[in-house]
Structures are given as structure tokens and as C-alpha cells.
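Side chains are part of it too, since the values below use all heavy atoms of this structure and drop only hydrogens, waters and symmetry mates. By convention in this document, chain letters (A, B, ...) are assigned in the order of the sequence lines, proteins followed by strands, and residues within each chain are numbered from 1.
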Number of protein chains: 2
Amino acid sequence: MVARTANVSRVAVSRAFNPHASIKPAKRDMILRVAQELNYTPDRAARSMVTGRSHLVGVIVPDVCSPWESQEIDALTTALQAEGFATLLFKTRIDLSMDETLLTYMKGYNPDSVIAFTENVRPQILSRVLDRAVPIYVVYGDDDGAGDAPGGPLTDRLRVVQRTGIEQAVALMQGYGARRIAFLSGVRQSLATVEREKLVRRVLAERGLPPPVLMAGDYTYDTAYRETLSLFRVQGGVDAVFAANDVGAFGVMDALRHELGRRVPEDVQVVGFDDILQAHWKSYNLTTVKIDLIERVQAFVRLILARLRNPGQPALTETIVTRLVVRGTVG
Amino acid sequence: MVARTANVSRVAVSRAFNPHASIKPAKRDMILRVAQELNYTPDRAARSMVTGRSHLVGVIVPDVCSPWESQEIDALTTALQAEGFATLLFKTRIDLSMDETLLTYMKGYNPDSVIAFTENVRPQILSRVLDRAVPIYVVYGDDDGAGDAPGGPLTDRLRVVQRTGIEQAVALMQGYGARRIAFLSGVRQSLATVEREKLVRRVLAERGLPPPVLMAGDYTYDTAYRETLSLFRVQGGVDAVFAANDVGAFGVMDALRHELGRRVPEDVQVVGFDDILQAHWKSYNLTTVKIDLIERVQAFVRLILARLRNPGQPALTETIVTRLVVRGTVG
DNA sequence: CGTCAGAATGAACACGCGTTCAATTTCCGT
DNA sequence: ACGGAAATTGAACGCGTGTTCATTCTGACG
């Protein structure tokens, strides 16, 4: 024990490690020096029992492999680490089903906050299972459907405005002559993809274009590849494909180029969604709707810190806006 | 409190949640039912204080974005979750420098085990900072350099045999006529890449081939792209490129095809390392040396469980073997 | 030198749990 | 019905902290 070695009380050691505690500077320095020699660190578990702060942030993700999610986790972990938090990572099943067992399991670790990238879990469930942590919910719709009802569960929100980027994308495609546009969806259960499809349909209608040809994807490369083959072998006249994510767009492009003999963008235009790092790889050079990762992660951190600073305050909302990044797959 | 609601002692509640405890089945069921209604879960922090088990596994990674690492984290998290552990994720700086501050920081969470994918941190440091957890160290060399000295720090090891896959790769390239082979390295500080380069040099010599032309990479696409341009614009006669990782191989291929007008594999052969999910994408269809992710993760979990079952036992070692996956970038 | 406010100190307590141990109950065989 | 072994129970304790509160020390001012 550090206290005995330094000939001080155990309380003094505690104070030495807490910046706001009242202790004589010389004494603090001495204790910290002894602690370092003894390789002592305050036990976070014991500390969290008395402070009620675990300094853990639970992150629930369906698929860490996905470039978009891994890049988000990377940025988030970096940002959290800078603020003194650690990332506690959990995985749901690939179909986005959020097992209530998993939430109960996570609750045991007493995270200070929870971020669920699995959009299909209702905030009601999240709030019911977790007691102390206020979950952060990512909202894609204009109507958020998260149940703002007073007396309802307290949930902070990050709203992603998808309409801006989608409008720019459709305008660009139309400007280069696209008329018959297909939409490759993501996993059906994903609220993000449902909203993307709805917006694409709406924007196309507003611009006097026919409704989108629907392709049933699941965010993966392989499914996008197969769907593209079966669509273009049967149906002609599709000028452009709007994919619900970048990886899906890659699958579309590879099927078009390497199996169907079509050129991108000369024969078929392709637009993706997310702007993952791979989107600028020369083999794809993808024009895509960007969700700014830095902005998004900073918004998460702001929400977490604000909520922890004042746990009782009403629901918080941050908003980020998408925009089109123009590269080489349109026009 | 559950105990009061169910009219039992607090001890009974504890026993109800511990499978090996002695309690009448009917009583346990009743308590668990009441607990569920009250949304009660044993606090892991409090539990870890008395059991000495946190059920946390610290994972230290330089770059979650990298496909290889994200895929490994994904598989590892799934496997750990199945065994009742949670992944505690930490990020080092991109240059692989393992900050001792980070380790001290992590120590506070009291992880049951630590896996460091940052290969340049010496086990001595890892062991000195962490007290309870026995770290797992990934070893790529034939001579492991981890300091097996008795009295040295206790460290479990996962040995990756890289020679097998490298021999197969070189044999295949040579079989298709390659003679002058370049090697694109990874980050200089990475022990994995140092060993890969050493082995490539050795295998080339054994097969009567000239030593490799060295390209200084850092595992990223962009650097690989640039290095390829500067190499092939100056020096002719390079038949093939052996990249230290798949993403680097992608950069090489894109530079060759989209900027230098060379065909792969007709003009230049390319081989990668890792076999990430993207390696089978049609734009690349990369022939690569596979490190089997499932085997690797299972080995990690075996090491963790074995060590926890018997904390005092001598150092454990698991071994996995690489092999070539033949696709379309050679021959 | 005396006084008093503010800073510094340490004893006691609580956080929520698993475990030990002695006391009590249950169960089986006769 | 009885004895004894086995199963079950609950009080007390400790894990390593931060915090409260009463006490002691420090230093400045009159």
C-alpha cells in the first residue's frame, strides 16, 4: 500500500489523485512519486462505486468489419480517450436484432453513456434496461419517431439530415442525363436505409423523375454485386444507381465493370453514401454523400459530456448535415 | 433493493445470481423473477472488487480503421462476448508508439487480460505496468525475442508462422516467370513487417532470385500508391510486388493500372498479406498470404481462458500458420 | 502576543457485492 | 420416531475507493 510506504493516511493518497481535493502541493507530489515507484493506480471499479461514474461508454455495433462503422469506432475511441473515457464494445447480430439479453449484460458494467448504432432498437427498450445511463439515439428521419412524449424515456439524439446530400446527388445525376435511377437499399431493419429510400423517392418525384427501381441490398459488397447482375441482365434502361452505402456502391461498380461490361460513369452512373476512406481509392473514385465523421463524433462527445455534467436536464439534440462529395462516378 | 421486495436476505440474492452457490431452486427462481421485474442486475464493479475478476479484456490497437484490425476486433469481440467478457478498446498513436501513460490508464480498469496488436511495445513494459493481467503478445519471428528468461515477465504468446505462406507466394510468382520482385514494407516499427521482409529476402535467396527491391510503405493505400509511382517511373524490370499487407497491395495495383498503364497480373504480379474481406472484391481479386482470423481469435480466447483458469502457470504459447490464397493477381 | 479564518488532516462511513462460518433446516435410512 | 449427514441460511466481514465532519495546523492581521 502506498499510504504505509509514504507514511501518510490512506485519505491523503486519495486526495493526491483527485485534482480538486485540498492537499498540500508538496505532499501530493511526494505521494504521486511514491505511487509511481510502486506502480500504483487508483482502482476504477472501487472509485466508480462511490462516485457513480464508471468512465465507460458502451458502444453497440452490428458489424465492426464494415468500413464505415470501424472508422466511426476509431474516431469515437480516440475522442473518448482524450476525455478520459474508455470504449466498451459490444456486437449485435448481423440482422441488427438487439437482444435484450445483451443490454442487460451491458448494464452490469454500468456505462456512463451508451451509443447504439443499431438503429432498430427502440429507445423505450434501451431506457428501460439501462437505468443510470441516458442512451444516445441516432435519428435519420425528419419526423424522429423517437417518442418525444413527456414522461417518456429520456434519450439524447443525434439527428442526421440526409436530405441535403441526397438532393445534391440526384441533381448531379439528372444534370448529366440520368433519368431512370435505381436505389440499392441497406438492411431492411435499418431505419437509416428506410429513410434514405423514402427521401430518394420524394426527391425524384419533385424533380419530375420516375420512382426509383428498387434493389434489395444489405450493406454488403456481395449482395450488391449479385443484385446488380440480376437487375441489369433482366431490365434495361437504368441510367444510374444510388446505393445506400459506399460498400454497396463498390459491389455495383464491380459487377457493372467486370461482369456486365458496362462503363462507369459513361454507361451507368453510381453514387454511394457515407464517404468511407476507401471511396477515394482509384479503382472506385466514388461520388458519394458524405456523413462527416469528425462532426458526428464530436457531436457524440458533446452529448455525453453535457449529459454527465447535468444528468437531470431535458433531452438534448445535436444535428449534422450531409453533403455530396463529387468524384468520378457521375458524368 | 431486491432483497426487501422478495423478503429474503441480501445474501440469498447474491446466491441466486451465482450458478455454483447453494440455494433452493424454488427460492432462486423466485428471486430471479423479482429481480427481472425490478430490472436488477448485479453490479460488475462491486463484484470485481471481491472476486478479482473484471471480465474485461483490454485491446490495444493503433488503427481501428484498418480493415485487418477491424475484422480482428469484430471476431474477437464476438468470441469474448460468448465467453462472458467485454472488449475494452484503446487506441495508440498511428506510429505504433505505445504510450506508457495509456497502459497506466488502462490498468485502472483492471482488465483480466490484455491483447496488444501494437507489436513494438516490449513485454517488459506491458508486464511492469499491468500487475494482475498477464498480457498476450503476438510473435512473428522464428526467434521470438520476447525474453523467455526465467524470472523475466510472464507473458503468453501467439506465434504466427509467416514462412509457410511466403514460400508458397514466392514459389507461385517464380513459377509464372517473376524474377525481379519488390517488397512493399509496412510501418517500420512493426515487428511483423520487419520479419516479413527478412523472410522474403531469405526465401528469394534460397530460390536463386535476386534480393528484393525495397519500397518503404506504412500499411496505407496512399503511401503504397505513391511509392509504386516513384519506383516504376524510375526503375524498370520489376516483375512482381510482394506487399506487407492487402491494403498496400491495393494501392500498388491501382497505381499500376490507373496511372502507369500496366496490367496486373500480365505485366506485374502482385501478392498481398492478411487476406482481408476486401481481397476478393472483383476490382482487386488479390492473391494473398492468409492469416486465418478465426484460428487466430480462437487461439486468443484459449490463451485468456487457460490463463484465468490457472493464473500461476508458466507461459503459454499458441501457434497459427499462414498459407497462400490464390486468386487472380499472379500468373 | 492573541485571535480567527481558512487550509489541511484523518477517523468513520458507505458504495454493492462474494465469501466464510456458525446456526438452522431438510432429508434419508433405520 | 430418531439420529446424523447434507443442504440451506443469514450475520459479519472485506474488497478499494470518495466523502463527510470534526479536529488540528497554518498564517495573516490587529
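For B/Arg53 against C/dG18, a side-chain-to-base donor-acceptor contact under 3.5 Å is absent. Interface remark: the A/Arg44 side chain does not form any donor-acceptor pair with the D/dG16 base, using a distance-only criterion of under 3.5 Å.
Here D/dA7 presents its P atom at 14 Å from CZ of B/Arg28, a figure rounded to the nearest Å. Between A/Tyr40 atom OH and D/dG16 atom C1' there is a gap of 7 Å when expressed in whole angstrom units. One atom, CG of A/Asn7, and another, P of C/dG10, lie 11 Å apart when rounded to the nearest Å. What separates NE2 of A/His20 from P of C/dA8 is a distance of 15 Å, to the nearest Å. Here the P atom of nucleotide D/dG18 and the CE atom of A/Met49 are 13 Å apart, to the nearest Å. The distance between atom CD1 of A/Ile23 and atom C1' of C/dG10, rounded to the nearest whole Å, is 12 Å. Residue A/Arg10 contributes atom CZ, which lies 8 Å from atom P of D/dT17 at whole-angstrom precision. To the nearest angstrom, P of C/dC17 lies 15 Å from NE2 of B/His55.
In this structure, the nucleotide among C/dG10, C/dC17, D/dT9 sitting nearest to the side chain of B/Arg15 is D/dT9. Picking from C/dT9, D/dT17, D/dC15 the nucleotide with the shortest atom distance to the side chain of A/Pro42 gives D/dT17. When distances run from any side-chain atom of A/Val11 to the nucleotides C/dC17, C/dT9, D/dT19, the shortest one goes to D/dT19. Among the nucleotides D/dG10, D/dT17, D/dG14, the one closest to the side chain of A/Arg47 is D/dT17. If you check C/dG10, D/dG18, C/dG16 against the side chain of A/Ser9, the one that comes closest is C/dG10. When distances are taken from the side chain of B/Pro25 to each of D/dG16, D/dT8, C/dG18, the shortest belongs to D/dT8.
Comparing the helix axis at one end of the helix from C/dC1-D/dG30 to C/dT30-D/dA1 with that at the other, each defined from 5 consecutive pairs, gives an inter-axis angle of 30° (nearest 10°).
Side-chain nitrogen and oxygen atoms of B/Ser14 include at least one within less than 4.0 Å of the OP1 or OP2 phosphate oxygen of C/dG18.
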Ring pair (Phe, Tyr, Trp, His ring centres under 6.0 Å) assessment of B/Tyr109 paired with A/Tyr109:
CA-CA 11 Å; B/Tyr109 289 102; A/Tyr109 289 102; over 10 Å; no
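Classified by interplanar angle (parallel below 30°, tilted 30° to 60°, perpendicular above 60°), the ring pair B/Phe90/B/Tyr105 is perpendicular.
Across all non-hydrogen atoms, the minimal contact from A/Ala306 to A/Leu316 is CB-CD1, 3.8 Å. When all heavy atoms of B/Cys65 and A/Gln71 are compared, the pair lying nearest together is SG-CG, 3.7 Å.
Nearest-nucleotide positions on DNA chain D for B/Val8 and B/Ala46 put B/Val8 closer to the 5' end. Residues B/Lys24 and B/Asp43 both approach DNA chain C. Their nearest nucleotides, taken by heavy-atom distance, put B/Asp43 toward the 5′ side.
Residues A/Arg44 and B/Asn110 bring no donor and acceptor atom of their side chains to less than 3.5 Å of each other. Defined by atom type and a distance below 3.5 Å, a donor-acceptor pair is missing between the side-chain atoms of A/Tyr140 and A/Ser190. Counting only N and O atoms by type, the side chains of B/Thr87 and B/Thr77 include a donor and acceptor under 3.5 Å apart.
Ion pairing between B/Arg307 and B/Asp112 fails under the 4.0 Å rule for side-chain N and carboxylate O.
Here B/Thr51 lies in heavy-atom contact (under 4.0 Å) with sugar-phosphate atoms only.
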